[in-house]
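Below is one structure; the comments refer to it alone.
Fair warning: this is a prediction, and the values are worked out from it, not measured in the lab. Note: hydrogens, waters and symmetry copies are ignored here, and every other heavy atom, side chains too, is used.
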Amino acid sequence: MRNKKILLIEDEFELCMLLKLHLLEKGYEVEMTYNLKDGLERVRTYSPDIVFLDNNLPDGLGWNCVSEIANFNPAIRINLMTGIMPDDNILSENINLYIMMKPLSKKEIEQSLSFGNFN
């Protein structure tokens, strides 16, 4: 059985590295990108099981791309990391969406991984 693949789309390098190290220790394969454009391309080429998607990125809002990511692969789990709660439209469209409020805690990360039996 292969390890689950995770893609981090986050422009804060330090947060990316901390998340990556934590996820690698848990046995996940991890790739990182720092903007939406590269992240969306990586979703297509890397085919992750889980995406940690920052909401506020240099080239746009992550929640505006949730549907695009889900349409590419309906089974993908999207963990949207945000400081503000998105409107209800995004919540009803995607059953594989988990909202993570910043600042993130280790407990929040663990909950996002166990939500929907993705661990």
Side-chain angles (χ1 to χ4, degrees):
M1 185 171 160
R2 73 170 178 82
N3 292 341
K4 296 277 186 193
K5 293 172 24 177
I6 294 181
L7 175 64
L8 306 175
I9 306 173
E10 168 64 66
D11 63 326
E12 294 178 44
F13 180 77
E14 292 83 6
L15 177 56
C16 247
M17 290 306 298
L18 287 171
L19 273 170
K20 181 177 182 174
L21 291 172
H22 179 72
L23 295 167
L24 288 171
E25 286 176 359
K26 298 191 77 53
Y28 293 96
E29 292 179 32
V30 182
E31 297 246 344
M32 302 182 302
T33 65
Y34 306 104
N35 60 58
L36 280 174
K37 180 179 180 258
D38 294 342
L40 292 173
E41 179 60 30
R42 231 26 219 133
V43 165
R44 290 178 192 89
T45 59
Y46 181 58
S47 298
D49 300 294
I50 303 170
V51 173
F52 280 80
L53 175 64
D54 185 27
N55 183 45
N56 192 17
L57 291 158
D59 55 345
L61 296 176
W63 70 44
N64 289 340
C65 295
V66 167
S67 293
E68 183 177 349
I69 293 169
N71 286 336
F72 177 74
N73 177 359
I76 202 168
R77 157 53 94 38
I78 303 167
N79 293 332
L80 180 68
M81 303 176 291
T82 183
I84 53 174
M85 194 59 149
D87 64 32
D88 289 340
N89 291 351
I90 192 171
L91 301 176
S92 62
E93 289 179 20
N94 302 283
I95 58 170
N96 289 327
L97 177 67
Y98 185 84
I99 306 292
M100 303 174 69
M101 296 301 292
K102 285 185 172 182
L104 301 180
S105 67
K106 187 175 180 180
K107 181 180 177 183
E108 182 85 28
I109 295 165
E110 295 304 315
Q111 286 176 335
S112 76
L113 294 170
S114 63
F115 182 80
N117 297 319
F118 272 84
N119 56 356

*Is any side-chain heavy atom of N56 less than 4.5 Å from a side-chain heavy atom of D11?*
no
*asked:* L8 vs E31, test: side chain to side chain contact (heavy atoms under 4.5 Å, CB included). Steps then yes/no.
replied: CA-CA 6 Å; L8 306 175; E31 297 246 344; over 6 Å; no
*Pairwise distance CD1(I6) to OH(Y46) - rounded to 0.5 angstrom*: 8.0 Å
*Donor-acceptor pair, R42 side chain versus P48 backbone, under 3.5 Å?*
no
*Please step through side chain to side chain contact (heavy atoms under 4.5 Å, CB included) for the pair I99 and T82, ending with a clear verdict.*
CA-CA 7 Å; I99 306 292; T82 183; 4.0 Å; yes
_Given 3.5 Å as the limit, does a donor-acceptor pair link the side chain of E12 with the main chain of E14, or not?_
no
*Find the distance between OG (S112) and CZ (R77) and round it off to the nearest 0.5 Å.*
6.5 Å
_Reported NZ-to-OH distance for the pair K5 and Y28, which is rounded to 0.5 angstrom_ = 15.0 Å
*Spacing of CG belonging to L80 relative to CE belonging to M100, to within rounding of 0.5 Å*: 9.5 Å
*side chain to side chain donor-acceptor pair (under 3.5 Å) against N35, all qualifying residues, sequence neighbours excluded*: D38
*Measure the shortest side-chain to side-chain distance between F52 and L113 over non-hydrogen atoms and say whether it is less than 4.5 angstrom.*
yes
*Report yes or no: does N55 contribute a side-chain atom to a donor-acceptor pair with the main-chain N or O of W63 at less than 3.5 Å?*
yes
_Nearest 0.5 Å, please: how far is CG in N79 from CD in Q111?_
11.0 Å
*Closest non-hydrogen atom pair between L40 and C65, with its separation*: CD1-SG, 4.0 Å
Which atom pairs, one a donor and one an acceptor, fall under 3.5 Å between side chains of residues 15-27 and the rest of the protein, sequence neighbours left out?
| residue | atom | partner | partner atom | Å |
| --- | --- | --- | --- | --- |
| H22 | NE2 | E110 | OE2 | 2.5 |
| K26 | NZ | E110 | OE1 | 3.3 |

_Under the salt bridge (charged side-chain N to carboxylate O under 4.0 Å, His left out) definition, can you give me all pairs with a residue in residues 54-73, not counting sequence neighbours?_
R44-E68, D54-K102
*Any donor-acceptor pair under 3.5 Å from K4 side chain to I50 backbone*: no
*Look up atom OG in S67 and atom CD1 in I78, then write down how far apart they are to the nearest 0.5 Å.*
8.0 Å
